[in-house]
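I have placed the structure first, in the form of structure tokens, so that the comments after it can refer back to it.
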2 protein chains.
Amino acid sequence: MHDLLAITLKRLEGVSDDDRDVLAALIGETRAVSAGRVLVEEGSCPQVSMLLLGGLVGRVSILNEGGRQISELNVPGDFVDLHSLLLKKMDHSLVALTDAVIATISHVSLKLLCEARPRLMRALWGETVVDGAINREWLLALGRMSATERLAHLFCELYVRLEAVGLAADYRFDLRLTQSDAADMVGITPVHVNRSLKTLREQSLLEWRGGSAIIHDWSKLARLAQFDPTYLQPRLISSDQNPS
Amino acid sequence: MHDLLAITLKRLEGVSDDDRDVLAALIGETRAVSAGRVLVEEGSCPQVSMLLLGGLVGRVSILNEGGRQISELNVPGDFVDLHSLLLKKMDHSLVALTDAVIATISHVSLKLLCEARPRLMRALWGETVVDGAINREWLLALGRMSATERLAHLFCELYVRLEAVGLAADYRFDLRLTQSDAADMVGITPVHVNRSLKTLREQSLLEWRGGSAIIHDWSKLARLAQFDPTYLQPRLISSDQNPS
DNA sequence: CGTGGAGTTGAGTTTGGTCAATATGCGTGG
DNA sequence: CCACGCATATTGACCAAACTCAACTCCACG
């Protein structure tokens with residue numbers, strides 16, 4: 001946990017150690033929440049942002065007829081919901097997709113801090129901009145790739161992001177999501193996720209059972225998904241600087 | 001043109017008139033570009049951001065086998081490519097989808113300005129956050145809506161955004177895009193765009209011919225698209241404040 | 001045990017894609 | 001002013017990817 005906080009802070013760009021300390025001091029209570037818990041309700045006006053220290057959190061939009069889309073996935077080390085600092089009203093919900101550990105930072109103090117320390121504000125802005133880059137990549141996947149390709153892309157991205165925060169190595173990582181969750185990320189039905197995973201398994205590219213994922217052939221998988229980690233660059237810096 | 005610049009500046013939130021003036025003073029040459037022109041190449045490192053004063057600009061990602069996805073559409077009054085202020089390398093291109101008019105702002109001066117005026121930086125940050133909200137909405141559409149619904153959603157969003165900057169009224173607006181462009185936004189083939197538009201036309205919801213769009217039945221169209229303009233709120237304020 | 005949630009598989013259907021022909025409209029050069 | 005050529009739009013016939021529905025398995029947990 002503690003290293004995760006450190007990693008998060010370290011990857012803020014162009015920020016002095018002093019700034020980091022002040023930010024760290026603002027972090028309030030850390031709490032554990034269990035899978036399925038709605039952290040922020042659609043329509044509400046949150047007073048805090050969060051730092052995800054463990055587990056996975058999803059940004060979830062619901063359609064009338066039960067359609068569910070997860071538009072963003074946060075992994076440990078991510079700031080969650082910096083957006084709400086600037087938007088009045090949530091247009092979607094935040095849900096803990098697994099058991100998770102969360103630290104909160106109040107908006108008031110964050111705003112004050114931003115006014116006082118432009119460098120820090122810029123770094124936080126940068127975080128939301130990277131979120132946007134990930135979003136665009138998902139958009140590309142949803143718009144123009146097949147089901148298997150989308151899943152392949154998701155696993156590539158997850159591996160790289162988790163690896164950057166020390167939660168993946170040797171092409172293995174824990175992923176305690178349901179196939180339905182994955183379906184809601186890549187925009188297909190759970191049944192079809194199942195079949196697509198089977199395809200990937202049969203091609204010896206990827207295995208995902210019992211919450212643990214193994215990428216058997218990274219280069220083939222990445223080629224299939226046309227995965228180019230450029231868009232994640234800013235999130236990788238921390239791992240570049242301290243190869244574990 | 002000039003009112004557009006004013007509108008853009010006015011909708012920056014929580015910014016003093018003084019800040020607005022200083023920002024306006026930074027705006028460099030204004031130039032006209034013709035449809036199809038690539039404004040920023042994938043892989044490049046732009047030194048300027050832009051203000052779109054006329055026409056439409058798209059954020060375009062290309063897949064190996066020719067697949068093209070437009071992940072964001074900018075309308076007049078939008079800041080274009082504030083992202084590049086914070087990201088080193090473009091992971092996609094920016095393309096003028098129609099003839100367009102563009103003003104540029106250099107990154108160096110913008111950065112200095114941000115350091116000096118936190119309020120302004122926060123407002124610009126807000127702009128990128130709204131872009132993100134629009135992104136998420138598109139993700140929901142691509143992931144969970146049918147072709148006709150996606151198109152309906154696109155037209156609802158465009159109407160509201162254009163109306164907010166005075167470029168649409170009475171449920172009519174100019175939209176000089178090709179059906180192929182629309183296809184690349186909603187993630188279907190041009191042929192299917194054509195068919196889906198026909199459906200919408202037959203239901204007397206929407207007409208789009210010769211570059212001009214007419215929404216015949218807003219409430220039905222919005223219901224079909226499950227369109228809720230909440231996510232655009234910050235972009236609507238200017239129009240709320242000065243009903244033309 | 002038995003119950004419920006998640007995963008797996010098959011059969012049949014639907015949506016959207018592909019390919020190809022035809023139409024429309026506009027700008028250029030004769 | 002007309003003819004040609006190109007880009008875009010439209011339509012049909014056929015095909016493929018993904019969805020639906022439903023059965024069945026496999027566990028984890030009480």
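Numbered from 1 within each chain, the chains take letters A, B, ... in sequence-line order. In what follows, every heavy atom counts, from backbone to side chain, and hydrogens, waters and symmetry copies are set aside. Computed from a prediction, not measured in an experiment: that's the story for all the values here.
- Distances shown here put every side-chain N or O of A/Gln179 at or beyond 4.0 Å from the OP1 or OP2 atom of C/dG5.
- Heavy-atom distances to DNA chain C give each of A/Ser180 and B/Ile188 a nearest nucleotide, and the one nearer the 5′ end belongs to A/Ser180.
- Using a 30° and 60° split on the angle between ring planes, B/Tyr159 and B/Trp218 fall in the tilted class, from 30° to 60°.
- Without hydrogens or angle criteria, B/Gln179 side chain to B/Val191 main chain gives no donor-acceptor distance under 3.5 Å.
- Of all non-hydrogen atoms in B/Ala183 and B/Pro190, the two that sit nearest each other are CB-N, 3.6 Å.
- When the nucleotides D/dA9, C/dT18, C/dT9 are ranked by their closest atom to the side chain of B/Thr189, C/dT18 comes out on top.
- If you measure from atom CG of A/Leu177 to atom C1' of C/dG7, you get 15 Å, rounded to the nearest angstrom.
- With D/dT10, C/dT9, D/dC19 as the candidates, the nucleotide lying closest to the side chain of B/Arg201 is D/dT10.
- Taking only side-chain nitrogens and oxygens, A/Asn194 never comes nearer than 4.0 Å to OP1 or OP2 of C/dG7.
- A distance of 12.0 Å separates OG of A/Ser71 from CG of B/Leu142, quoted to the nearest 0.5 Å.
- Separating the CG atom in A/Asp131 from the CG atom in B/Asn135 is a distance of 11.0 Å, to the nearest 0.5 Å.
- To the nearest angstrom, C1' of D/dA16 lies 14 Å from NE2 of B/His192.
- Applying the side chain to side chain donor-acceptor pair (under 3.5 Å) rule to pairs touching residues 35-55 of chain A yields A/Ser49-A/His107, sequence neighbours excluded.
- Partner of B/Tyr231 under the side chain to side chain donor-acceptor pair (under 3.5 Å) criterion, chosen from B/Arg136, B/Glu157, B/Glu137: B/Glu157.
- If you check C/dA6, D/dT11, C/dT9 against the side chain of A/Thr178, the one that comes closest is C/dA6.
- As rounded to whole Å, 12 Å separates atom P of D/dT10 from atom CD of B/Glu202.
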Protein heavy-atom contacts under 4.0 Å, written 5' to 3' over nucleotides 21-30 of chain D as B (base), S (sugar-phosphate only) or - (none), form the string B---------
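- Listed candidates were D/dT11, C/dT8, D/dT10. Nearest to the side chain of B/Lys198 is D/dT11.
- One distance of note links CE of A/Met185 with CG of A/Leu151; it measures 10.0 Å at 0.5 Å rounding.
- The shortest heavy-atom contact between A/Val95 and A/Gly36 is CG1-O, 3.8 Å.
- A heavy atom lying under 4.0 Å from DNA chain C marks the following residues of residues 138-156 of chain B, by number: B/Ser146, B/Ala147.
- Listed pair A/Arg176 / C/dA6 fails the phosphate criterion, with no side-chain N or O lying under 4.0 Å from OP1 or OP2.
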